[in-house]
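What you see below is based on every heavy atom in this structure, not just the backbone, and it leaves out hydrogens, waters and symmetry mates. Here the structure is a predicted model, which means the values were calculated and not measured.
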Amino acid sequence: MKLSQSREKRAITRTGSIIITVVIVIAAVAGTYFVVGGQPTQVATTTIVQTGTTVIQTGTVTTTGIVTQTITQTATPTSTPTGRTITTLVIDDFTWPVGNLNQLFAVQYLPWPNWMYAASYQTLVNANVSAQQETGTIQFLPGLASSWEISADGTTWTFHLKPGIRFSNGDPFNAYQVWTQFYGFYYLAGNSSSFLGSLDIFDTSRVVFGPKTIQTLNQTSFANPSPEVLTMMKDTSWPIYVVDQNTIVFKTKAPFPFLTGVLVGFEGEIFDAQYVLRHGGFGAPGQINPYFNDHPIPGTGPYVITQVAFNEFVKFERNPDYWAKAISADEVRANPLLDPGHFDTIIVNAKTSGTTRYIDLTTGKAHIAAITESNWPLILADPSYDYATYKTPAILVWVFFNMNKSPTNNTDVRRAIVHAIDYDDIIEKVFFGEAQRVMGPQAPVYGKYYNPAGIPPYEYNPELAKDYLAKAGFPDGTGLPTLEFNVNANYPAQIIAAQIVQANLADIGINVDIHVLTNDQFYAPYGSAQNNINNAEIIPHMAFWWGFAPNFLSPTDFWTSFVTSFSLWGNGGGYSNPTVDNNVRLMSQTSDEARILQALTEAQRIVADEAPMAWVAACQLALLTGSYAWQKNLIAGGFLDPNLSGVTEPPLLNTIRPASGG
């Protein structure tokens, strides 16, 4: 990750071991129209002293702002007349996608950021992004599926696909393609029953899918599969099966009411599986076919990738055969993810230098750019710019505690810490005031599934914190060892936030050493919750989890990831409570909403009381310490990722509208 990035992301293989390949996070209300906001904030500099390969900041150093750098502008900003028609849109993003352009990595929640989402790859089900922005509700609309129904027992989902759609290379989109894609993910996940969203919702005991199956599939056409292949695809003992070329069924082993939300995430992006088979196939578990790293698999969307300059840029051009190119403006307003797009060509650059991106934006070389941290006040100070922010935030930032190492294994020590932190100070000085207090583990965007117990966020109350510390047996910190607090050098603002926490804890007698580590060093100890429990001694007492967002639009994601012992990634402190585990599992065992909410209410109370994390904020800026900015006279707006920036952070390419109304 680059210094300008402000997210953490899980990259998980499900073959028995966990391979962490990237960190990002996750953001806010899916599909929001861009909103203008924010005021300039005072900034200050700080010095970090490096000792060996690990940077350690100790003592009581404090700061009043975010890390700054000097910007020397040698070019004169250009002003484009209002009404100018842009035919080629240029976007400067902060990084090349992790996972490159290979959509097979969706099984590992990559590529990220996925510039192709909605522009090239569409989903069976679309999120109603307008409703999310206007009312904060999550609803689903037809995408590549025209309709679907759920059986009375809540276990059988039948999707009716829109007929006549073709991928950009001319191959037909149909149920045979969808079937092959999902079982390809099953194979790449090591034939794990949890291949979809890491959720154990399918009975795969009768499934036989491996190299021989793939060889058989490669000998037929998905336009008209052979009788042998059709028999396999229609086998109803498998959890996903085909009824006919336009009908596919997902059968869960227990009621699972959140399947549509899972299908708008990484693995729900539909690609041409026939093309995959023609070009070497899926690969193998842990060895995904690299051909597609820079040879993107065709999709059904309004844009096609026509040029790839590795680690530099990707060029998108209109798909002349896009199936929805003639839909009306009213239809686009009702279902914005189907938008045919507003530019003939879109170029997305990967530029790691924040200074370069800022200069590109101000000189007109880029129309939209990722601007963060030290450059962000320059955007706030100039009224000619707008930027992306979230009305209902979902990018979470928190400090986790090592639950299995003294002294943070002491509940009262943790309670002392969560009440000693001045969260509002962090929000103002690090996130420019554009964040909200939150009580985790859920994000506010999930409505009734967010904080069902109605517990207020932890109060900044140093006197109460001192009381808890004395109750723990460490009055005024006497006898308490120095705590290790790890932060990631890739995020300068994280260092500033850690220094605020360090000063807050010093006020109640807790000494903290801040260890500023490289990205690889920071993430090296972590894996599944069980890994973190078993390796507690090499995990610090405290660490920042910096801007986490979902991999799909389902409330199961945060609950499962952060506070269960069966978490594959996200439970950094190794928190484990049997009641919480059982209550969270209920989300994939029943469609009874009242039962689920009752169970989550109990889990919420337990988690809040045991304080395994200090929930800092839900951030509203798309990049936490900045956002995607543009000149008002050039760009009118668009929508962000319906997965709350978990799949991609830049605006969805086909939804970006020029100010001229094109």
Side-chain angles (χ1 to χ4, degrees), residues 9-14 21-22 24 93 95-126 143-144 165-169 171 173-174 176-189 195-197 214 217 222 262-308 310 314-316 319 337 348 350 551-552 641-643 646-650 652-654:
K9 182 64 188 174
R10 297 161 290 180
I12 300 173
T13 61
R14 307 182 190 93
T21 61
V22 62
I24 69 179
D93 209 352
T95 186
W96 181 259
V98 180
N100 300 299
L101 306 177
N102 192 337
Q103 201 60 26
L104 296 183
F105 276 106
V107 74
Q108 295 184 14
Y109 304 143
L110 298 172
W112 187 91
N114 193 327
W115 299 334
M116 302 167 286
Y117 189 93
S120 298
Y121 298 124
Q122 298 178 304
T123 50
L124 299 180
V125 176
N126 286 348
L144 294 175
I165 295 176
R166 291 188 173 273
F167 292 99
S168 59
N169 65 342
D171 284 345
F173 159 76
N174 54 35
Y176 312 132
Q177 291 269 20
V178 176
W179 183 95
T180 304
Q181 172 173 327
F182 280 98
Y183 281 112
F185 286 146
Y186 168 73
Y187 172 64
L188 290 178
F195 70 95
L196 184 62
I214 293 171
L217 290 170
F222 291 162
V262 177
L263 293 179
V264 303
F266 277 99
E267 290 169 287
E269 299 173 78
I270 302 300
F271 54 77
D272 184 352
Q274 185 93 74
Y275 179 91
V276 171
L277 296 177
R278 288 196 209 106
H279 293 84
F282 293 93
Q287 297 177 325
I288 290 173
N289 185 348
Y291 176 80
F292 308 108
N293 288 358
D294 56 356
H295 295 82
I297 307 167
T300 58
Y303 284 91
V304 179
I305 292 176
T306 58
Q307 186 177 358
V308 177
F310 212 66
V314 175
K315 183 178 182 180
F316 295 79
N319 175 4
L337 297 189
V348 185
N551 296 308
F552 44 81
D641 175 17
N643 299 283
V647 173
T648 191
E649 285 194 315
L652 300 178
L653 305 187
N654 62 310

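Annotation: side chain of Leu337 is not in contact with side chain of Gln122 (no heavy-atom distance under 4.5 Å). In this structure the side chain of Gln108 never reaches within 4.5 angstrom of the side chain of Phe266, judged on heavy atoms. Between Gln274 and Phe167 the shortest side-chain heavy-atom distance does not fall below 4.5 Å. With contacts defined as side-chain heavy-atom distances shorter than 4.5 Å, the pair Glu267/Val107 qualifies. Phe105 is listed as a side-chain neighbour of Ile288, based on a closest heavy-atom distance under 4.5 Å. Between Leu652 and Pro642 there is a side-chain heavy-atom pair separated by less than 4.5 Å. Side-chain contact between Asp171 and Pro298 is absent, with no heavy atoms from C-beta onward closer than 4.5 Å. In this structure, the side chains of Thr123 and Tyr117 come closer than 4.5 Å at one or more pairs of heavy atoms.
Here the closest heavy-atom approach between residue Asp93 and residue Pro650 is recorded as OD2-CG, 2.9 Å. Closest non-hydrogen pair, Val276 versus Phe271, comes out as CG2-CE1, 3.9 Å. Nearest heavy atom pair, residue Phe185 against residue Leu104, reads CE2-O, 3.7 Å. Contact record, Gly280 with Asn289: C-ND2, 3.4 Å, taken as the closest heavy-atom pair. Closest approach of Gly283 and Leu188 over heavy atoms only: C-CD2, 4.4 Å. The minimum heavy-atom distance linking Pro111 with Leu101 is given by the pair CG-C, 4.1 Å.
Using modelled atom types, one finds no donor on one side chain facing an acceptor on the other under 3.5 Å when comparing Asn102 with Asn100.
In this structure, the ring pair (Phe, Tyr, Trp, His ring centres under 6.0 Å) partners of Tyr291, at least two apart in sequence or on a different chain, are His279, His295. Here Tyr183 pairs with Trp179, Phe209, Trp238 under the ring pair (Phe, Tyr, Trp, His ring centres under 6.0 Å) rule; sequence neighbours left out. Under the ring pair (Phe, Tyr, Trp, His ring centres under 6.0 Å) criterion, Tyr121 pairs with no residue, sequence neighbours left out.
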Assess the residue pair Arg278 and Asn169 against the criterion (side chain to side chain contact (heavy atoms under 4.5 Å, CB included)); give the C-alpha distance rounded to whole Å, side-chain angles, the decisive distance to 0.1 Å, and a yes or no. CA-CA 13 Å; Arg278 288 196 209 106; Asn169 65 342; 4.1 Å; yes
Could you walk me through whether Phe310 and Trp96 satisfy the ring pair (Phe, Tyr, Trp, His ring centres under 6.0 Å) test, starting with their C-alpha distance in whole Å, then the side-chain angles of each, then the deciding distance to 0.1 Å, before giving a yes or no? CA-CA 8 Å; Phe310 212 66; Trp96 181 259; 5.6 Å; yes
Report the C-alpha separation of Ile305 and Met116 in whole Å, then their side-chain angles, then the decisive distance to 0.1 Å, and conclude whether the side chain to side chain contact (heavy atoms under 4.5 Å, CB included) test is met. CA-CA 9 Å; Ile305 292 176; Met116 302 167 286; 3.6 Å; yes
Audit row: Asn654, Phe316, side chain to side chain contact (heavy atoms under 4.5 Å, CB included) steps and yes/no: CA-CA 10 Å; Asn654 62 310; Phe316 295 79; over 6 Å; no
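With values rounded to the nearest 0.5 angstrom, Leu144 atom CG is found 7.5 Å from Asn126 atom CG. To the nearest 0.5 Å, the span separating CD on Gln103 from CG on Asn293 amounts to 12.0 Å. Here the OH atom belonging to Tyr187 is positioned 15.0 Å from the CZ atom belonging to Phe195, to the nearest 0.5 angstrom. Put simply, OG1 on Thr180 and CG on Asp272 are 10.0 Å apart, with the number rounded to the nearest 0.5 Å.
Between Phe292 and Tyr275, the ring planes are tilted. Angles from 30° to 60° get that label.
Side-chain N or O atoms of Asn643 include one that pairs as donor or acceptor with a backbone N or O of Val264 at under 3.5 Å. Distance alone, capped at 3.5 Å, places no donor-acceptor pair between the Asn114 side chain and the Val647 backbone. In this structure, Gln181 contributes its side chain and Glu269 its backbone to a donor-acceptor pair below 3.5 Å. At distances below 3.5 Å, at least one donor-acceptor pair connects side-chain atoms of Asp641 with backbone N or O atoms of Thr648. Side-chain N or O atoms of Asn319 include one that pairs as donor or acceptor with a backbone N or O of Gly301 at under 3.5 Å.
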